[in-house]
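Written below as structure tokens is the structure these notes are about.
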Amino acid sequence: MIVIFLSSIWSVQPAVQDRDHKFLTKAVEAAYKGVECGDGGPFGAVVVCNDEVVVSCHNMVLKHTDPTAHAEVTAVREACKKLNRIELSDCEIYASCEPCPMCFGAIHLSRIKRLVYGAKAEAAVAVGFDYFIADALRGTGVYQKATLEIKQADGNQAEIAEQVFEKTKAKFAMY
């Protein structure tokens with residue numbers, strides 16, 4: 001098992017807490033449950049706050065016909081709803097597998113303070129899941145095989161799009 005601490009310098013360290021095993025086991029159980037009921041792939045995630053499980057979720061991609069309904073994204077969404085806030089800095093997340101870039105993005109944006117995962121991405125890749133699964137955590141593009149064309153608008157269109165931030169900043173508050 002590996003523990004990832006979110007900081008400006010990534011560090012990978014062995015998990016040292018028995019409680020990690022307990023919560024990671026719950027994430028793995030959720031992964032099995034998701035497959036057994038046909039909701040999606042073998043991925044589970046548990047959000048914990050003050051040593052209490054807030055939510056336990058599994059992959060729901062097939063059930064919701066939604067490619068973003070990964071276990072970690074679903075867990076972040078459900079934890080935010082349950083706690084009635086978008087910032088989860090006092091929470092931890094336990095994932096049965098190393099998160100893909102999208103899931104890592106959701107974890108990072110929610111400000112979760114700690115991520116513990118079980119299986120390395122290669123375990124998922126070995127049974128047919130996308131190769132880019134580990135790129136966000138490892139900071140590599142080794143496995144990435146992007147086929148999407150990406151372009152930024154230029155000129156007036158870019159300026160109009162940028163103005164939305166300046167024109168609306170008084171109407172919303174960040175954290």
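Any value given below was found using the heavy atoms of this structure, including those in side chains, with hydrogens, waters and symmetry copies removed. Bear in mind that the values here come from a model prediction, so they are computed numbers and not experimental data.
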Original post:
Can you tell if the side chain of Glu166 reaches within under 4.5 Å of the side chain of Gln163, non-hydrogen atoms only?
Top reply: no
Subject >> Distance (rounded to the nearest 0.5 Å) between Cys97 SG and Lys120 NZ >> reply: 11.5 Å
Original post:
Checking side-chain contact (heavy atoms from CB on, under 4.5 Å) for the pair Ile112/Glu72: CA distance, chi angles, key distance, verdict?
Top reply: CA-CA 11 Å; Ile112 287 177; Glu72 299 91 335; over 6 Å; no
Original post:
For Val116 and Arg19, what are the C-alpha separation, side-chain angles and deciding distance, and is it a side-chain contact (heavy atoms from CB on, under 4.5 Å)?
Top reply: CA-CA 11 Å; Val116 178; Arg19 62 187 285 285; over 6 Å; no
Original post:
Of the non-hydrogen atoms in Val46 and Ala27, which two are nearest, and what is the gap between them?
Top reply: CG2-N, 3.5 Å
Subject >> Smallest separation among heavy atoms of Leu62 and Gly38, with atom names >> reply: CB-O, 3.9 Å
**OP:** Using a 4.5 Å cut-off on heavy atoms from C-beta on, say whether the side chain of Pro67 contacts that of Met102.
**Re:** no
Subject >> Separation between OG of Ser96 and CG of Leu24, rounded to the nearest 0.5 Å >> reply: 7.5 Å
**OP:** Determine whether Leu115 and Val54 fall in the same hydrophobic cluster, where Ile, Leu, Val, Met, Phe, Trp and Tyr are linked whenever their side-chain heavy atoms lie under 4.5 Å apart.
**Re:** yes
**OP:** Let me know which of Lys63, His58, Lys33 forms a side chain to side chain donor-acceptor pair (under 3.5 Å) with Asp39.
**Re:** His58
**OP:** State yes or no: do Val35 and Val127 share one hydrophobic cluster built from I, L, V, M, F, W and Y residues joined by side-chain heavy-atom distances below 4.5 Å, directly or via other members?
**Re:** no
**OP:** Would you sort out whether Leu83 and Cys91 count as a side-chain contact (heavy atoms from CB on, under 4.5 Å), showing the intermediate values?
**Re:** CA-CA 11 Å; Leu83 298 173; Cys91 296; 4.0 Å; yes
Original post:
Should Val55 and Ile107 be counted in the same cluster of Ile, Leu, Val, Met, Phe, Trp and Tyr side chains packed under 4.5 Å apart?
Top reply: yes
Original post:
Aromatic rings Tyr94 and Phe23: how do their planes relate, parallel, tilted or perpendicular, breaks at 30° and 60°?
Top reply: tilted
Original post:
Going from CD1 on Ile86 to SG on Cys80, what distance comes out if it is rounded to the nearest 0.5 angstrom?
Top reply: 7.0 Å
**OP:** Side-chain contact test, heavy atoms from C-beta onward, threshold under 4.5 Å: evaluate it for Arg111 versus Lys113 and give yes or no.
**Re:** no
Original post:
Is a donor on one side and an acceptor on the other found under 3.5 Å between the side chain of Asn59 and the backbone of Val61?
Top reply: yes
Original post:
With a 4.0 Å cut-off, would you call Asp51 and Lys22 a salt bridge?
Top reply: no
Subject >> Smallest separation among heavy atoms of Ser56 and Ala30, with atom names >> reply: OG-CB, 3.8 Å
Original post:
Yes or no on side-chain contact (heavy atoms from CB on, under 4.5 Å) for Val48 and Lys26, after CA distance, side-chain angles and deciding distance?
Top reply: CA-CA 11 Å; Val48 174; Lys26 290 185 181 301; over 6 Å; no
